[in-house]
Trainee: 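After the structure tokens below, expect a handful of questions from me.
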Amino acid sequence: MSEPIRLSALGREFQRGETAVAALRGLDLTIEPGEFIALVGPSGSGKSTLLNLLGGLDRPSAGELWLNGLALHDADAAVRTRHRKERVGFIFQSFNLLPRLTALENVAVPLTLAGVPKAEREARARAMLERVGLGHRLDHYPAELSGGEQQRAAVSRALIHHPHLILADEPTGNLDSVTGEAIMRLLRDLNREQGITLIVVTHDPDVAAYADRVVRLRDGQIAGIETQSAKNGRSYPVAPINQPHKPAGKLTFADIVQTAARNLGRRPVRNVLTAGGVLIGIITLVAMVSFGVGAQKEVQRNFETIGLENLFVSPAFAETDGFDPFAPPKPETPITPALIAQIEQLDDVVDVTPTINMPFGLDLSLTLAGESVPVRIKGGGGTPFRFGPPGTQDMLAGQDISPGGSGVILSAGLSDRMLTDGQSYDYLVGQEVILTALLPRGESADFLTTIVGVQNGFSSRALDVGLPERAAIKGWWFNDANFLETEGYDSIVVRAADLSAVTAVTAELEDLNLEVQSLEAILDVANQVLALLQALLGSVGGLALLVAALGVANTMMMAIYERTREIGVLKALGASAREIRWLFTVEAGMIGVVGGVFGLVLGTLLGKLMDWIGHRYLINQGVTGVGPLSVVPWWLALGAVLFAAFIGILAGLYPAARAAKLDPVTALRHE
Ligand code: ADP
Ligand code: MG
């Protein structure tokens, strides 16, 4: 510092209720660079107030304060923060070391705030501590140090960033006289060796004796100045500062995160409980939404096995005019092979599978190797669309009837009746059989066919036959070999190219005067119901999270109250309001993330457990083949953690702003 510190008509008034208290009134003083000033005076005379003004922690209400060309009386918060960070070192009566940091880390704090990399700042802090004789106490916490050791660490912290100005407020006030003297000698040596301007507030005449000049304050005014430098045998200005001064950087994000993590670690029980609030919210959210997702997937899967892009088409029937209850209903547009060929040519139609229903009242029997059993035709005759509980459609031997192909498949129950001991279902496959159709009036006809497969199912009568056999039997029944050309098929299944083509194909088919049904509409309704359910269940989790947010906010407010003094110290050491806000916001966000991650894990496990119980129940009820009911997709996992972090940050915003706004002078007075 090449220019002196100049105070002119400097005043500071405090508003206390209605009345204004003048702590300083009209100070005029010039302090030379490298000078050692002792500030003495009775309690309440304004010593600390002056020190706070010099340190840029406070602003004067009148007059001017110049520091090395800087108009501190006019400086905004950012300039005063830089002033503290780059030029000033504070030493307090009660040491004010940060309790959760080791001696080494405490000394490094000003460098951390200036964005100096960890390795460098620790090396510098170690060197500094060794110089004050604390090389053996680097990893001790303040509570493990004696008063003198704490103050030596505090002196190291005040010096670590090569300040131009050291402001010490009764540095020996809490020390016994021997230790106090050691500290004073240390300060004086630093002042002599490095030319640092030193301003020390003290009550103790022995301490004041070290100074070049003693400035006496009384009632906020200078009551006298004694020059002692002659006695101490020195003159100033002194040698310039050894190291050229570099502008300081900013607290890095990595250090913010690390500090926040440390602060969380210091109140583990409370923070775990707070995170527990978030955790419960996230557990509820994840478990509930995962069930919604699982249920939706299961419904979708069931619909997909049926084939959502399939349209079930049947002819429209004309209103019967006249009154003839015995006349069979006549289709308006019979689904003839020609019409099917036309439908196959439509845009977006992939294929068409026709079905022939068997006449009501038809008696059938099946003959294998001379043995006859009565049977009943079930199923669609080669169409892949069969409805029934899962598992009952499985083929036990052979193959299903190919679409449009011929052959019969037997139910397992029927097969059991036709087999003798020791024969397997495979024996039946490929066997020639005779289907005998019997008219109520007694006529009968035989139809030769082949067993192509055996299908799961209890029925002792059920079989399914292919389309050619169906056509032959029905032609014989109607005594009309050409009935397909006149009456047409009973229904067809039209497969559209994909789901998006379903609407267009439906319209085309309806233009042909056909009745069309699709599963899409049903799926839409099912999905709507599920989405509603999911939203409902999700909002239960959301509500829990709201409560959790209040918990986080409460914890952060408590933390600010507890750490008020610490925040004051950090500000005195050069932390900006922004950095304090960041510190608390990140801390709150971390509480959220911790709760979120554990909530995600536990919520997923809870979902799996409920899933398992659900499946047990379903199996007990005889329902098998149901897929997982609780599904946690990646977006839910990521979303849950992000949401938890968001809740934490949101809850921390107000407390963080409060912390950032804390007036450092008030904060430092806080006990
Ligand atoms: P000293 O350090 O010499 O004991 P201070 O500078 O702390 O004195 O205080 C000087 C006067 O200003 C005292 O009367 C004190 O009560 C008052 N004062 C100091 N800071 C504040 C404040 N933040 N609000 C109100 N009054 C204050
Ligand atoms: Mg004081």
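Every number for a ligand or one of its atoms is a count from 1 in the order of the listing.
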Trainee: For the 3.5 Å polar cut-off, considering only N or O atoms, please tell me whether Ser45 and ligand 1 meet it.
Mentor: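 Looking only at distances, the answer is yes, because the N/O contact criterion of under 3.5 Å is met.
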
Trainee: Only counting residues at least two apart or in another chain, list the ones meeting side chain to side chain donor-acceptor pair (under 3.5 Å) with Asn174.
Mentor: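 In terms of side chain to side chain donor-acceptor pair (under 3.5 Å), with neighbours along the sequence ignored, Asn174 is linked to Gln93.
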
Trainee: Less than 4.0 angstrom from a charged side-chain N to a carboxylate O is my criterion; do Arg121 and Asp255 meet it?
Mentor: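 Salt bridge flag = yes for Asp255 with Arg121.
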
Trainee: Tell me which protein heavy atom sits closest to atom 6 (O) of ligand 1, plus the residue, atom name and distance to 0.1 Å.
Mentor: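 For atom 6 (O) of ligand 1, the nearest protein heavy atom is Thr49 OG1, 2.5 Å.
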
Trainee: Could you tell me whether any N, O or S atom belonging to Thr49 is less than 2.8 Å from the Mg ion (ligand 2)?
Mentor: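 Of the N, O and S atoms in Thr49, none lies under 2.8 Å from the Mg ion (ligand 2), which means no.
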
Trainee: So if I count the atoms of ligand 1 from 1 in the order they appear, which ones are less than 4.0 Å from some heavy atom of Ser43?
Mentor: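 Listed by number with element: 4 (O).
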
Trainee: Is a donor on one side and an acceptor on the other found under 3.5 Å between the side chain of His83 and the backbone of Leu57?
Mentor: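 Not at all, since once roles are kept as given, no pair shorter than 3.5 Å links the two residues.
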
Trainee: May I ask you to check whether Arg565 and Ser94 show a side-chain donor-acceptor distance below 3.5 Å?
Mentor: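 A pair is found: one side chain offers a donor N or O, the other an acceptor, under 3.5 Å apart.
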
Trainee: Give me the residue, atom name and distance of the protein heavy atom closest to atom 12 (O) of ligand 1.
Mentor: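 The closest one turns out to be Ala23 CB, 3.3 Å.
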
Trainee: Can you pull out the closest protein heavy atom to atom 16 (O) of ligand 1? Residue, atom name and distance to 0.1 Å, please.
Mentor: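 Atom 16 (O) of ligand 1 sits closest to the protein heavy atom Arg16 NH2, 2.6 Å.
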
Trainee: Counting non-hydrogen protein atoms only, what is the nearest one to atom 20 (N) of ligand 1? Give residue, atom name and distance.
Mentor: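 The answer is Arg669 NH2, 3.0 Å.
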
Trainee: Under 4.0 Å between a Lys/Arg side-chain N and an Asp/Glu carboxylate O for Arg137 and Glu144?
Mentor: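 Not counted as a salt bridge, because no side-chain N and carboxylate O are separated by less than 4.0 Å.
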
Trainee: Considering non-hydrogen atoms of the protein only, which is the closest contact for atom 2 (O) of ligand 1, and what is the distance?
Mentor: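 Ranked first by proximity to atom 2 (O) of ligand 1 is Ser48 OG, 2.8 Å.
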
Trainee: Whether Glu35 and Arg213 form a salt bridge (side-chain N of Lys/Arg under 4.0 Å from carboxylate O of Asp/Glu) is what I want to check.
Mentor: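 Glu35 and Arg213: salt-bridged.
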
Trainee: Under 4.0 angstrom from ligand 1, any heavy atom of Gly41?
Mentor: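 The answer is no: ligand 1 sits nowhere under 4.0 Å from a heavy atom of Gly41.
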
Trainee: Salt-bridge test for Glu181 and Arg185: reply yes if a basic N is under 4.0 Å from a carboxylate O, no otherwise.
Mentor: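 Looking at Glu181 and Arg185, the cut-off is met.
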
Trainee: Look up atom CG in Leu605 and atom CD1 in Ile283, then write down how far apart they are to the nearest 0.5 Å.
Mentor: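 Rounded to the nearest 0.5 Å, the CG-CD1 separation comes to 9.0 Å.
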
Trainee: Is the closest N or O pair between Gly46 and ligand 1 shorter than 3.5 Å?
Mentor: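 Yes; at least one N/O pair falls below 3.5 Å.
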
Trainee: Among protein heavy atoms, which lies nearest atom 23 (N) of ligand 1, and at what distance?
Mentor: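 The protein heavy atom lying closest is Phe14 CE2, 3.5 Å.
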
Trainee: Considering only the protein, which heavy-atom contact is closest to atom 1 (P) of ligand 1, and what is its distance?
Mentor: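 The protein heavy atom lying closest is Gly44 N, 3.5 Å.
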
